[in-house]
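A short worksheet on the structure shown next.
Below, each value reflects all heavy atoms present in this structure, side chains not excepted, and no hydrogens, waters or symmetry copies.
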Amino acid sequence: MDAEAAKYIGAGLATLGMIGSALGVGNIFGNFLAGALRNPSAAAGQVGNLFVGAALAEALGILAFVLGILMIFG
């Protein structure tokens, strides 16, 4: 296998972490919505936790993307 091909395969595998990020964000918002519909009075107190969790999950997806780009161009 050519070294250039191995670099592209490795970069593609590194960016698979974005799939986990997308699943995590969907899970966070889906569970928040389910909880908010069960207890609407407590939903306002959990919005901060919602955004912190979504930001952390998105940060992992962005990190996976950046690592893939660095593997290609670095």
Side-chain angles (χ1 to χ4, degrees):
M1 176 185 303
D2 188 22
E4 189 74 18
K7 182 170 71 169
Y8 286 120
I9 291 172
L13 291 174
T15 57
L16 288 177
M18 291 189 298
I19 294 172
S21 173
L23 292 174
V25 170
N27 193 13
I28 289 168
F29 280 101
N31 285 330
F32 174 77
L33 184 60
L37 290 175
R38 287 178 185 256
N39 191 0
S41 63
Q46 296 299 318
V47 172
N49 292 339
L50 170 74
F51 288 129
V52 168
L56 291 174
E58 283 292 329
L60 291 175
I62 292 169
L63 179 66
F65 176 71
V66 168
L67 287 176
I69 293 297
L70 285 175
M71 290 177 78
I72 291 175
F73 296 112

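Among residue pairs with one or both ends in residues 56-69, none qualify as salt bridge (Lys or Arg N to Asp or Glu O under 4.0 Å); sequence neighbours excluded. For residues 19-29, no pair satisfies salt bridge (Lys or Arg N to Asp or Glu O under 4.0 Å), with sequence neighbours left out. Legend: side chain to side chain donor-acceptor pair (under 3.5 Å) pairs involving residues 63-74, not counting sequence neighbours: none detected.
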Please report, to 0.1 Å, the donor-acceptor pairs under 3.5 Å made by any side chain of residues 66-74, with sequence neighbours excluded.
none

Extract all donor-acceptor atom pairs below 3.5 Å that involve side chains of residues 34-50 and protein atoms in other chains or at least two apart in sequence.
| from | atom 1 | to | atom 2 | distance (Å) |
| --- | --- | --- | --- | --- |
| N39 | OD1 | S41 | OG | 2.9 |
| Q46 | OE1 | N49 | ND2 | 2.8 |

Mind listing the side-chain donor-acceptor pairs of residues 12-32 below 3.5 Å, one per line with the distance, residues two or more places apart or on another chain?
| from | atom 1 | to | atom 2 | distance (Å) |
| --- | --- | --- | --- | --- |
| T15 | OG1 | A11 | O | 3.3 |
| T15 | OG1 | G12 | O | 2.9 |
| S21 | OG | A57 | O | 2.8 |
| N27 | OD1 | N31 | ND2 | 2.8 |
| N31 | ND2 | N27 | O | 3.3 |

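Applying the side chain to side chain contact (heavy atoms under 4.5 Å, CB included) criterion to A55, with sequence neighbours excluded, gives no partner residue.
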